[in-house]
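Worksheet for the structure shown next.
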Protein chains: 2
Amino acid sequence: MVSDAESAPVFAKPPVTLREVAAAAGVSVATASKALNGQGRMTAETRERIRETARLLGFRPNSLAQSLLRKRSFTVGLLTNDTYGRFSLPLMAGVSDALVDKGVSVFLCNVEDDQRLGQLHVEAMLDKRVDGIIATGKRIDRHLPVDLSNLRIPVVYAFTQPDPGAVGLVSDDAGGARLAVEHFLRLGRRRIAHVTGPAGFAVVHTRAEAWRGVLKENGLTTGEPLLGAWSEGWGHEAVEKLFDKAGRGGQPDAIFCGNDQIARGVIDALRERGIRVPDDVGVIGFDNWEIVAEATRPPLTSVDMNLASLGREAGLALLSLVDGQPAAPGIRKLPCRLVVRQSCGSPPG
Amino acid sequence: MVSDAESAPVFAKPPVTLREVAAAAGVSVATASKALNGQGRMTAETRERIRETARLLGFRPNSLAQSLLRKRSFTVGLLTNDTYGRFSLPLMAGVSDALVDKGVSVFLCNVEDDQRLGQLHVEAMLDKRVDGIIATGKRIDRHLPVDLSNLRIPVVYAFTQPDPGAVGLVSDDAGGARLAVEHFLRLGRRRIAHVTGPAGFAVVHTRAEAWRGVLKENGLTTGEPLLGAWSEGWGHEAVEKLFDKAGRGGQPDAIFCGNDQIARGVIDALRERGIRVPDDVGVIGFDNWEIVAEATRPPLTSVDMNLASLGREAGLALLSLVDGQPAAPGIRKLPCRLVVRQSCGSPPG
DNA sequence: CTGAAAGCGCTTACAG
DNA sequence: CTGAAAGCGCTTACAG
């Protein structure tokens, strides 16, 4: 007995083709194509009949064939080395969301920090004729382990270091830091410390400069920012450094932290010392990593880099390049926003 | 003046085609194709000459054309509703890693919990003729907002609820829970409590049953598991419940927690009460969310669900379905592993 | 108003 | 040993 219908996999049935639609409607393939695409001239009845036939048969045009002709695949590649995904995922989701509505699909390429993997993925993207590539990473001062500088297709960099002359989108870290410090000032805080990550990160300096700048503009003196690790442990330590020296008057009444983990360590350490947050000392973090920010006691006010919007913008920027619109090269900085919770204190009175 | 070379976008130059390679090598397109694919018979010199020409011209075959012919696109769709990405990302990275070496690329489809988005993505995948689909989510007892049951292409479910009769991969939660409890027993702990998430989650019951089972097998009595939220706050509360009642003898000497956030809350609450971890009470978490597990004091022992492996397995399972290998339908449970840090205590003596 | 032809870039029988 | 032909599924000038 030959394999019977029951045992054959359901998915063996091939998709219906335009040829079948045309035959069923009694027209040529060319006419069918034009009917479905709203091209050409024909009676409204013919067009409608063909459309109805297509609908009935469940016809969906084969993208591969269309892409071959149009020289547009309606796909883009998304390169990332952020396996852990704290920064990448919202960004990737933003890209995907912005593009799905335009019929563009996104290839996920995890390149780690591995040249071989990077090359493998870029070649796969090129072979599959993606319309463009978005490169993203976990920090804006490092390159991905791939060379994207001489491709035939447009490239947009988002939250990773762009090649010179390319289009790049990053968060406005200086602006984000200003938001935090200015908020403290508005709340009446005057001795605002800054506890942040390692000197090896560009954002550490960008944010520290902004912190210093705002204080100076307001006639306040600043000490040095405290550089350390991006960790809770460092937040703890930093509190010791800040509060073990000097008298009450030299101690901060607010601490702006370089990320939420540091802020969490700071808050825990302050509580252990009996220093009240926000009454005695206000705390603001950076990243608005919700699961951390909402678990601190009190919940943490934090600067959000709007990574999903950044992803959306990157997707749209790439599309307009693909469509041949010229884009100004260079780095575009997108605004951050301050998410106010309870750790920073309320306005006086 | 017509647009000069300087101002034209670099990426306007179209890729080199097989026809050009053939012309350059002085052979027909058919011969060129066979030479590059190792098909047909021809002199070694001819083959080598064609290959060399292709290399020189930087020829890369157009995947779209190949896919059209072969009826295989070497792409798969990856559906997820885990925007936050704690579970999805390692899984997605695993899928991508397993497939990139086989020349298969992965479309990222963020469907949220939105039917419309789900449908949009599934149609896009079908139109692009993906070879198969992997569905993944943030919990194993919920469906994605899409119907994948009657597609023409194979589907594998990973870390989300499969359709009946489909192939599904999940972590062995019961096994993972056993690992934790048995480890405590080996360490000499006897009064092992269980603090976990809400009753609405299937894994809450799976893990609680396993906890209860191991204790019974060892002749130990168990109380009821403490159900609550997946949060630090609940971990805190649970410690109050466990330690405010009964005398010293009724209090646990070990707590197995349903996730790492709960475990973190538990550890913090114990410390605040002056109860030493692990000396007085051992703690084990679940998920092995490194950034949390490593920040607890002491660092947290936790059950790891091996999500990257799960992703790899899912990718390979899908590929073998695509290749026509029959796969046993049903749910396959993949083992967890215990990552031992300092919160559970050392062996006695 | 509709269809036949050519073609996107490739592969695979089939001739010679 | 090599090439001409047909074809994957579609679209788009061009005739009629």
Side-chain angles (χ1 to χ4, degrees), chain A residues 12-51 53-54 57-75 103 126-131 152-153, chain B residues 12-51 53-54 57-75 103 126-131 152-153:
Chain A
K13 173 167 45 97
V16 4
T17 73
L18 184 60
R19 181 206 301 271
E20 301 177 69
V21 174
V27 296
S28 72
V29 175
T31 305
S33 170
K34 279 176 284 193
L36 298 177
N37 294 319
Q39 303 293 320
R41 332 201 111 274
M42 66 193 72
T43 58
E45 298 96 289
T46 314
R47 197 182 291 277
E48 201 37 59
R49 177 164 46 86
I50 297 173
R51 289 212 160 132
T53 313
L57 296 180
F59 171 74
R60 308 229 83 213
N62 184 332
S63 267
L64 298 171
Q66 294 183 314
S67 300
L68 198 54
L69 256 345
R70 298 206 225 267
K71 289 162 181 343
R72 276 281 307 265
S73 64
F74 291 92
T75 60
L126 258 21
D127 289 352
K128 287 180 171 131
R129 298 300 188 260
V130 292
D131 299 328
R152 300 178 260 83
I153 52 175
Chain B
K13 174 169 46 104
V16 5
T17 74
L18 185 59
R19 181 206 302 271
E20 302 176 70
V21 173
V27 296
S28 72
V29 176
T31 305
S33 171
K34 280 175 283 193
L36 298 177
N37 294 317
Q39 303 292 322
R41 333 201 109 273
M42 66 192 71
T43 57
E45 297 93 291
T46 313
R47 195 182 295 276
E48 201 35 59
R49 177 166 44 89
I50 297 172
R51 289 212 159 130
T53 313
L57 295 180
F59 170 74
R60 306 229 87 212
N62 184 332
S63 268
L64 298 170
Q66 294 182 314
S67 299
L68 198 55
L69 257 343
R70 300 205 225 266
K71 287 155 182 347
R72 276 280 306 268
S73 65
F74 292 91
T75 61
L126 258 21
D127 289 352
K128 286 181 172 130
R129 299 299 190 262
V130 291
D131 298 328
R152 300 178 264 80
I153 50 174

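Each chain gets a letter, A, B and so on, in the order its sequence line appears, and its residues count up from 1. Just so it is clear, the model here is predicted, and its values are computed rather than measured.
C:dA13 is unpaired under the Watson-Crick or G-U wobble criterion, no partner having all donor-acceptor distances under 3.5 Å. In a base pair of the Watson-Crick type (N1 to N3 plus N6-O4 or O6-N4) or a G-U wobble (N1-O2 and O6-N3), with each distance short of 3.5 Å, C:dA4 is matched with no nucleotide.
The side chain of B:Thr43 lies closest to D:dT2 when the candidates are D:dC10, D:dT2, C:dT2. The side chain of A:Leu69 lies closest to C:dC8, out of C:dC8, D:dT2, C:dC10. Nearest nucleotide to the side chain of A:Lys34, out of C:dA4, D:dC10, C:dC10: C:dA4. Comparing D:dT11, D:dT2, C:dG9 by their closest approach to the side chain of B:Met42 singles out D:dT2. Across C:dT11, D:dG3, C:dG9, the shortest atom-to-atom separation from the side chain of B:Ser28 is found for D:dG3.
In this structure, the side chain of B:Arg51 engages the main chain of B:Ala35 through a donor-acceptor pair within 3.5 Å. With hydrogens and angles disregarded, no donor-acceptor distance shorter than 3.5 Å links the side chain of A:Arg72 to the backbone of A:Gln66. Not one N or O on the side chain of A:Lys128 forms a donor-acceptor pair closer than 3.5 Å with the backbone of A:Ser73. The closest donor-acceptor contact from the side chain of A:Ser33 to the backbone of A:Val29 lies at 3.5 Å or more, if one exists at all.
Across all strands shown, A:Ser33 has heavy atoms under 4.0 Å from base atoms, whether or not it also approaches the sugar-phosphate. Across all strands shown, A:Ser67 has no heavy atoms under 4.0 Å from either base or sugar-phosphate atoms. If you check every strand for non-hydrogen atoms under 4.0 Å, A:Val27 touches sugar and phosphate atoms only.
Between A:Leu36 atom CG and D:dT12 atom P there is a gap of 13 Å when expressed in whole angstrom units. Rounded to an integer number of Å, the gap from A:Glu20 CD to D:dG9 P is 8 Å. Put simply, CD1 on B:Ile50 is 12 Å from C1' on D:dG3, counting in whole angstrom units. Spacing between atom CG of B:Leu64 and atom C1' of C:dC8 amounts to 10 Å, rounded to whole angstrom units. Remark: C1' of C:dG7 and CG of A:Leu18 are 16 Å apart, rounded to the nearest angstrom. Atom CZ in B:Arg60 sits roughly 15 Å away from atom C1' in C:dC10 (whole-Å rounding). Note: NZ (B:Lys128) to C1' (D:dC10) measures 16 Å, nearest angstrom. Per the geometry, CZ belonging to B:Arg70 stands 9 Å off C1' belonging to C:dC10, to the nearest Å.
The side chain of A:Arg129 places no N or O atom within less than 4.0 Å of a non-bridging phosphate oxygen (OP1 or OP2) of C:dC8. For C:dG9, the OP1/OP2 oxygens have no side-chain nitrogen or oxygen of B:Gln66 closer than 4.0 Å. In this structure, A:Lys71 reaches the C:dG9 phosphate: one of its side-chain N or O atoms is under 4.0 Å from OP1 or OP2. In terms of phosphate contacts, B:Asn37 brings a side-chain nitrogen or oxygen within less than 4.0 Å of OP1 or OP2 of C:dT11. Put simply, B:Thr31 has a side-chain N or O that comes within less than 4.0 Å of OP1 or OP2 on D:dG3.
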Apply side-chain contact (heavy atoms from CB on, under 4.5 Å) to the pair B:Asn62 and B:Leu18, showing each step before the final yes or no. CA-CA 9 Å; B:Asn62 184 332; B:Leu18 185 59; over 6 Å; no

Is there a side-chain contact (heavy atoms from CB on, under 4.5 Å) between A:Thr31 and A:Met42 once you walk through the steps? CA-CA 9 Å; A:Thr31 305; A:Met42 66 193 72; 4.1 Å; yes

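Nucleotides of DNA chain C nearest to B:Gln39 and B:Leu68 differ in position, and the one nearer the 5' end is that of B:Leu68.
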